[in-house]
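Report on one structure; see the data block that follows.
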Amino acid sequence: MSLSRAKAALKQYFGYDTFRPLQADIIRTVYEGRDALVLMPTGGGKSLCYQVPAITMDGTTVVLSPLIALMKDQVEGLSANGVPAAFLNSTLNAEQVRNVEDALLAGYIKLLYVSPEKLVSQSFQPLLKRLKISLFAIDEAHCISAWGHDFRPEYTQLRFLKEQFPQVPILALTATADKLTRKDIIAQLNLPDPQVFISSFDRPNISLQVRPGQRRFEQIIDFLKQHQRQSGIIYCLSRRSCEELSAKLNAKGFKTSFYHADLPARQRNQVQEDFINDKIPVICATIAFGMGIDKSNVRFVIHYNLPRNLESYYQEIGRAGRDGLPSSALLFFSYSDVQTYRQMFEEGDGNDEQKQLKIAKLERMFQFAEAPVCRRQTVLQYFGEPHDGKCGHCDVCENPPRRFDGTTAAQKALSALLRAQENVGMQLLVDILRGSRRQEILESGFDKIKTYGAGKEYSYDVWMFLLSQMLHQGLLEIAYDDFSHLRVTETGKKVLFENKQVVLAMPPEKAAAKPQAQPLEKNKAQLFRDELFDALVMLRRSIAQKQGIPPYLVFSDATLSEMAEKRPLADADMMRISGVGERKLQLYGDAFMDVVRKFVMDKSGEGTTLSGSSYLQTWEMFKQGNSVETIAEKRRMSPLTITGHLAIMYEKGELVEIRSWVRPEQMDIIQGALSLFGEPYELKEIYEHFEHKFSYTQIQFSIADFRKRRKK
Ligand code: ADP
Ligand code: ZN
């Protein structure tokens, strides 16, 4: 099997022009009949790695998938692209199962999704043996590993696949697998010599923002105002805070709902459906939400509280921007979150070693939030992927911290701490430095110590920021076993007594101080694009509703955004939009082009000309009574281009009378020969075929008429 077949299928069924990095290599490996393990981040494009081989190879590809909700989604998505697919799991009744089995045995199904229970069950084996299987795809392959968090016992029984189907390649795919898990997957699946593909885990379309958690409600309101009508998730630590935050946001006029494990299953499903179907844009949820959701147009993920570790953080923000469009991740952190987790971990299950590990990971998470270092660099390094920093779209890169010689500031803080007998926590220390007259300070006599009020030059927030850096630089530490009081470390003593130099960073300027792009300054093209995009989104929603599928299965946001930009008005232009394959062109092309056409016509009515509306400019001039020749002259185009435009308007049903260009009996003859050529028709070929007996224009209109009637 050659890769050009794969590329043709990519365009025909999915409407994409090029493979993403590694996809082509993985597909080639499958074609060669070899096994492979694929590590790609969420949204990286794992599905295509087995879907394209499934479509192009003989027989059926069996896909193992642990999430029943996702199976249905995938099958619907494939069907919408004209790929015969089905699933078998516990949600089907006996008759539905029989129908799927019949279709399988008849060889109709290219992709079969099965649940782990089904795949390993004895009753399923006879059917499996009767099928011609092209490939086994093991999705979420990390479920194999008892080390991972999603362990599925059935996954450990998969060794039989290689034993009983030695000729069938196995493709294991996952978004989360450290070295240990990788080894486990290969061993459990019994893969003798697999190719391992590891793609970059960078998600460059997600901007990473981290902010201290003060006044986070106001900050969220500001954020939501800038992301009106976009889908997003706000993760909260507790079930109660999900409900409270949602209620508060609703009271401010935002449309939100909440989701957590205490809700009855029916209500949870409803919230999930409403989110998927773009009915409720924002969900306040615990991390349980999002697992079984493939929604590609989640535009933002906000962490109301600190995640428990960087793995969780990265997995959760990965739910944004699967369609590759710009998306945001906004994280709020506060030290009290760390304390809450600590308590949870200490009181929770597990032996001491496990608890220590959890706490260490939590501390890495907090350091990530606090350190003024490129966010992308920090996370990717954590996952073992080098990155040179300067990613350009994280808060640190966009607003670099101002560094200064912090030796004096550090000495003031350390000295005050020692003079307070190391008997104070962060907040009290700052109050001493700032000379607060709080009762607690006066009662303890801290107002008598020499360094009382020595740090008035910095605000409370600035001091908190500086102290946490001192913490990370190891000048201070927190005695968790002594009311979280601070201690001066050995390094701290060097700063204090040996004048060791310290470099600190000032907090970044408030984002608000930065001049924001004013909506008014948005150029006109951008405004048009936004307006058309909204109109296309509306159409998408109504189509999805009629068909009972999620909107993003009709077209992704990325596809609609490209349509809004390029404004396709003819099939050939539509086909060029990424995400428009043959099937979707047939099903939805006209409806979307209608919206584009109406939009463009409205705009030209307002006296604006939109580039890309060339057909319509011709059409307007023609309607005003200009001849083809006049239009061609005025528009500095060839008459043939102009009649080409008119032929399109004829195909669209706007122009009705074409007899002055071509007579019905001429059309009959020309159309009779079209089957010899096939789309896309080359005018010149047809012209030559008839030995110049018909004009180019006659051929143009005959083709338009042919297409128009075929559509009916
Ligand atoms: P994963 O399973 O790795 O999370 P998906 O397979 O769901 O990712 O792909 C994520 C998104 O990227 C989907 O919307 C998919 O259609 C799109 N996509 C995948 N491959 C390509 C490609 N070669 N060109 C354009 N878009 C692609
Ligand atoms: Zn950065």
Side-chain angles (χ1 to χ4, degrees), residues 3 6-7 9-11 13-27 38-52 54 63 65 67 70-71 73-74 77-78 80-81 83 111 137-141 171 173-176 197 199-210 290-298 315 318-325 327 329 368 371-381 387-401 508 550-562 577-581 584:
L3 217 53
K7 237 180 142 185
L10 182 71
K11 182 72 202 165
Y13 291 97
F14 300 96
Y16 300 140
D17 289 312
T18 50
F19 284 114
R20 291 206 183 135
L22 294 188
Q23 282 178 333
D25 297 329
I26 294 163
I27 292 169
V38 173
L39 265 96
M40 256 188 208
T42 312
K46 286 185 286 299
S47 320
L48 279 186
C49 298
Y50 56 83
Q51 288 171 347
V52 168
V63 186
S65 166
L67 296 163
L70 281 196
M71 258 185 233
D73 219 42
Q74 292 254 358
L78 286 165
N81 280 324
V83 180
L111 282 116
I138 315 293
D139 210 0
E140 314 287 346
L171 190 61
L173 311 106
T174 172
T176 51
F197 296 95
S199 87
S200 165
F201 269 63
D202 192 8
R203 299 283 308 277
N205 61 316
I206 304 181
S207 97
L208 307 176
Q209 307 287 326
V210 182
M291 219 81 108
I293 296 183
D294 228 348
K295 186 174 165 67
S296 71
N297 62 338
V298 177
Q315 195 179 18
R319 291 170 187 157
R322 276 164 170 256
D323 52 15
L325 290 188
S327 309
F368 161 82
V373 179
C374 171
R375 309 288 177 192
R376 208 168 299 277
Q377 181 181 34
T378 318
V379 230
L380 289 175
Q381 299 264 10
H387 187 286
D388 63 0
K390 305 202 193 75
C391 78
H393 51 306
C394 72
D395 55 314
V396 178
C397 288
E398 282 165 6
N399 211 350
Y552 62 88
L553 288 186
V554 176
F555 283 127
S556 72
D557 278 16
T559 300
L560 292 193
S561 153
E562 196 179 328
I577 304 280
S578 177
V580 183
K584 286 192 177 164

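Indexing begins at 1, ligand by ligand and atom by atom, following the structure's order.
- For G43, the closest heavy-atom approach to ligand 1 falls below 4.0 Å.
- Less than 2.8 Å away from the Zn ion (ligand 2), the protein contributes these N/O/S atoms: C374 SG, C391 SG, C394 SG, C397 SG.
- Scanning both residues, H393 and I206, for their nearest heavy atoms gives CD2-O, 3.9 Å.
- Every atom of ligand 1 is numbered from 1 in the order shown, and the set under 4.0 Å from a heavy atom of T18 is 22 (C), 23 (N), 24 (N).
- To the nearest 0.5 Å, atom CG of residue L171 and atom CD1 of residue I26 are 7.0 Å apart.
- Contact annotation: the side chain of R322 never approaches that of S556 to less than 4.5 Å [non-hydrogen atoms, C-beta and beyond].
- In the vicinity of L48, heavy-atom distances shorter than 4.0 Å reach the ligand 1 atoms 19 (C), 20 (N), 21 (C).
- Between the side chain of S578 and the backbone N or O of Y16, no donor-acceptor pair lies under 3.5 Å.
- An N or O contact shorter than 3.5 Å links K46 to ligand 1 by distance.
- Distances from ligand 1 to the non-hydrogen atoms of C49 include no value under 4.0 Å.
- Checking only distances, M40 never comes within under 3.5 Å of ligand 1, N or O to N or O.
- Here the closest heavy-atom approach between residue D557 and residue D323 is recorded as CB-OD2, 3.3 Å.
- Protein heavy atom nearest atom 12 (O) of ligand 1, with residue, atom name and distance: R20 NH2, 3.0 Å.
- Residue nearest to atom 15 (C) of ligand 1, selected from Y16, F14, Y50, Y552: Y16 (by heavy-atom distance).
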Derivation of the side-chain contact (heavy atoms from CB on, under 4.5 Å) call for L78 and Q51
CA-CA 9 Å; L78 286 165; Q51 288 171 347; 3.7 Å; yes
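- The protein heavy atom nearest to atom 2 (O) of ligand 1 is S47 OG, 3.4 Å.
- Shown are R376, R375, Q209, Q377; of these, the side-chain contact (heavy atoms from CB on, under 4.5 Å) with V396 is made only by R375.
- For K390, the salt bridge (charged side-chain N to carboxylate O under 4.0 Å, His left out) criterion is met by no residue, not counting sequence neighbours.
- Of all the atoms in ligand 1, the ones that sit under 4.0 Å from a non-hydrogen atom of P41 are 3 (O).
- Compare G321, A558, A175, G45 by their heavy atoms: the one nearest to atom 9 (O) of ligand 1 is in G45.
- Remark: the backbone N or O of F14 is not paired with any side-chain donor or acceptor of N81 at under 3.5 angstrom.
- The shortest non-hydrogen separation linking Y50 to A137 is CG-CB, 3.6 Å.
- Here is the list of ligand 1 atoms found below 4.0 Å of a heavy atom in F19: 23 (N).
- Ligand 1 has a nitrogen or oxygen under 3.5 angstrom from a nitrogen or oxygen of Q23.
- Residue contact check for ligand 1: D323 places no non-hydrogen atom closer than 4.0 Å to it.
- Of the possible donor and acceptor atoms, none in the side chain of K46 sits under 3.5 Å from a partner among the backbone N and O of V38.
- Closest approach of P401 and P372 over heavy atoms only: CG-CB, 3.5 Å.
- No N or O atom of S578 sits closer than 3.5 Å to an N or O atom of ligand 1.
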